[in-house]
Amino acid sequence: MKTEGRALLDDYCRKNRAGIIGLAWPGPTKDTYPTEKPMYVVSNMDGDADNFLVHNQTILSLLKHNIPYTGWTDFVAFNWLSGTLDVLLTAGQHPLVLYEPSQINGIPKIVISRQALPDWVFKLIIMDSLQFVSNYKITFPKTRYIQIDIDDIFVGSARLTKEDVVALIQSQNNIAKNAPGFRYNLGFSGSTFAKGTPQENEGDELLIEFKNKFNWFPHMWRHIQPHKFSNESELIYRMQKNYNFAVEKGLPVNGGYSVAPHHSGVFPVHEQLYSAWVKVWGIKATSTEEYPSLYPARRRRGFIYRNISVLPRQTCGLFTKNLYYDEYPGGPVKMEQSVAGGEIFETILTNPISVFMTHMPNYCCDRLAPYLFESLINFVKCFTNLQLISTVPVKLANKYFDLFPDERKPLWSNPCKDKRHIEIYSQNKSCDQLPNTLVVGPQKTGSTALHAFLKLHPNIVSNEPSPETFEELQFFNNDKYYLNGLDWYKQFFPTNTSMTNVVFEKSATYFDADIAPQRAHRLLPTGKIVILLIPPEDRAYSWYQHMRAHDLPTAINNSFDQVVRASAASPKDLLSLRSRCLEPGKYGLHINKWLMYFRPKQIYIMDGSQLKKDPVTAMNNLQKFLEVPFIDYKTKLMFDSRKGFYCSVMKGRKKCLGKGKGREYPPLAEDTKSYLKDYYSQHNAKLLQLLAMHKFPIPSWLKALGDGVSPSSLG
Ligand code: A3P
């Protein structure tokens with residue numbers, strides 16, 4: 001870095017007590033590096049070490065010191081490392097990790113020879129270094145929970161013999177030595193019990209004999225995918241059969257856990273499955289690889305729906321057909337690599353809780369699963385200080401959502417946008433039953449008029465009203481509705497929309513709800529967003545009047561001026577009303593949140609003042625964005641002098657909005673207006689800048705303001 005940059009960085013580090021971690025790649029050698037001064041003095045190398053020598057272990061916490069070493073790159077010059085260095089990790093005479101203690105210039109520095117280290121060691125060193133230089137302000141827990149499910153017990157052609165069952169118990173004991181509390185979870189389908197070869201039937205019987213050694217969870221009676229049953233009672237009937245089987249065999253099934261064949265019905269959610277699970281088994285937890293989607297694996301998450309905790313499941317690389325070591329897809333070396341710092345090891349490293357799914361055939365034949373997991377656990381024990389533990393699934397689920405509370409609420413996506421999701425989505429459900437356009441408000445900007453005018457277009461349809469919130473479904477902003485699930489939202493939309501270009505929903509509550517853009521984008525990633533803007537002070541005043549009309553005592557007992565000038569010392573209700581009046585008007589702030597998820601060309605900024613005064617032009621312009629066949633709104637709208645607003649023309653008759661829209665009230669007092677203009681001036685300046693940056697049309701009222709704003713105040 002240049003000297004000034006370096007000074008700034010050092011200053012930052014000192015002020016924030018931050019350290020520096022540097023990565024070194026092989027560069028010029030000592031001989032060729034153009035040095036003017038000695039770059040560093042290695043303080044404590046003794047020179048005759050073996051390949052696993054560590055001189056100073058203080059940095060290591062997750063990683064043990066005896067790492068296998070594969071190659072080296074010598075450190076050369078770093079002119080920002082100046083004084084005496086500690087060598088934290090070496091291989092032979094080759095320093096791998098250097099440390100310049102903070103006594104030297106107040107900033108601790110660690111330099112890691114990136115290339116010399118295998119990826120998994122590098123990752124652990126980075127984690128350890130972060131803990132170390134942050135003075136343990138950043139910490140990584142050492143505990144790793146592990147759960148291994150075995151699906152398809154009593155199902156399929158490659159089944160367990162007596163010897164396999166004995167080996168399974170042995171494997172469980174081996175794992176439990178390193179992962180206290182460990183038990184395999186056996187998922188059974190009773191319908192094919194003892195229907196294999198004589199040897200396999202003996203295996204089935206032995207599993208039952210040793211039933212109390214394992215945890216058991218129910219699968220489907222016949223291993224049929226639940227999403228294929230639209231009828232809940234049919235699903236219940238089949239689950240009940242499996243339940244009766246468990247009772248008859250005395251299986252200890254009390255874990256409140258279940259898994260659906262092929263993830264079917266868990267995500268995308270099949271309401272009938274959740275309901276039947278609760279009714280027959282009292283299920284409280286399940287797991288899937290499919291949320292939010294199979295790939296990338298590191299983004300898998302959990303959620304809670306209808307009180308059932310859905311845990312993310314990790315891939316272990318074994319599938320139903322993996323019976324023999326030599327036939328492992330990609331060759332056995334691939335499996336060995338996965339264990340020795342590769343994919344499955346990394347899964348353990350990066351997830352505090354790992355739920356793996358295996359299948360019964362992985363425990364017969366070459367018994368690949370016991371081999372894989374025991375090797376993995378040995379590797380973890382040998383080279384890391386991670387502590388493995390295990391517990392029953394429901395407790396694990398509680399633990400998971402304690403660790404990741406933000407994941408509790410699901411994020412709904414369109415099942416038809418994911419190839420794997422379509423396969424496990426009911427054929428009776430359509431994906432067209434969703435809007436492709438959202439009018440998001442904000443409230444009091446003319447959104448009801450826009451809703452009514454859009455519906456006049458022959459190629460535009462909207463949702464059916466909800467009994468609670470009328471034309472606004474308020475799905476994306478209100479948990480009360482969002483957590484009802486996707487089927488709930490879809491029911492309001494028409495099924496056959498082939499003749500229409502636009503299916504829209506208008507909820508003016510979406511605009512300023514923090515969560516709405518993310519939720520809307522997850523479900524409607526290609527959707528169009530329409531935002532209406534009027535002068536924010538008019539919007540605030542209209543909201544106040546709206547509250548008065550609804551007899552809100554705070555609005556009745558306080559003038560608008562008193563509301564907007566309320567200070568921190570004012571009563572709570574007054575502050576809350578003030579916030580409802582003023583916050584949505586910080587337009588730029590909210591639009592930015594939509595822009596975090598939607599591209600500018602998906603968003604239409606509509607001039608609400610124009611919609612009020614000249615709706616024909618406003619609606620004619622909007623049609624282009626919506627890509628609908630053009631109709632001239634001159635034929636659809638007419639001014640009504642009694643109402644003082646434009647009204648729809650339907651079958652030759654004027655239909656105006658109700659008396660709650662376009663209320664009569666005194667004009668906004670000049671004094672309050674100027675207070676609010678001042679209040680919003682910075683926000684409006686930022687809005688103007690934002691709209692200009694994204695080449696959005698500038699609403700007339702904002703343009704007028706912009707004319708008076710000097711470029712410097714735009715920042
Ligand atoms: P006021 O009632 O304060 O005048 P929303 O539908 O988003 O709640 O917005 C209501 C506002 O829409 C009304 O606020 C009114 O000013 C405005 N509006 C715009 N065009 C209208 C129309 N054609 N009929 C009635 N109100 C309209």
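Order of listing sets the numbers, starting from 1, for every ligand and every atom in it. We number each residue from 1, following the sequence as shown.
Scanning the protein for heavy atoms near atom 13 (C) of ligand 1, the closest one is Gly662 N, 3.6 Å. Of the protein's non-hydrogen atoms, the one nearest atom 6 (O) of ligand 1 is Thr448 OG1, 2.5 Å. At the top of the distance list for atom 9 (O) of ligand 1, counting protein heavy atoms only, stands Gly446 N, 3.0 Å. For atom 20 (N) of ligand 1, the closest heavy atom belonging to the protein is Ala449 CB, 3.6 Å. Taking atom 14 (O) of ligand 1 as the reference point, the nearest protein heavy-atom neighbour is Ser542 OG, 3.5 Å. The protein heavy-atom contact nearest to atom 7 (O) of ligand 1 is Ser447 OG, 2.6 Å.
Applying the 6.0 Å contact sphere to CZ of Phe639 captures more than 12 heavy atoms from other residues, nucleotides or ligands.
With ring centers used as reference points, Phe492 lies 6.0 Å or more from Phe475.
Both tests hold for Arg565 against Tyr675: distance to the six-membered ring centre under 6.0 Å, angle to the ring axis within 45°. Annotation: cation-pi geometry not satisfied between Lys409 and Phe303 (NZ/CZ under 6.0 angstrom from ring centroid, within 45° of ring axis). Cation-pi contact between Arg300 and Tyr291: absent, since separation from the ring centre below 6.0 Å together with deviation from the ring axis within 45° is not met.
Under 3.5 Å, the side chains of Ser700 and Asp607 contain a donor-acceptor pair of N or O atoms. No donor-acceptor contact under 3.5 angstrom links the side chains of Gln623 and Tyr633, judged on distance only. Using modelled atom types and a 3.5 Å distance limit, the side chains of Asp561 and Ser559 yield no donor-acceptor pair.
For atom 21 (C) of ligand 1, the nearest non-hydrogen atom from the set Tyr646, Phe645, Tyr665, Tyr544 belongs to Phe645.
Under a 4.0 Å heavy-atom criterion, Lys612 is in contact with ligand 1.
Residue Lys661 has at least one nitrogen or oxygen atom sitting less than 3.5 Å from a nitrogen or oxygen atom of ligand 1, judged on distance alone. Ligand 1 has no N or O atom lying under 3.5 Å from any N or O atom of Pro442, backbone or side chain. Every N/O-N/O distance between Phe453 and ligand 1 stays at or above 3.5 Å.
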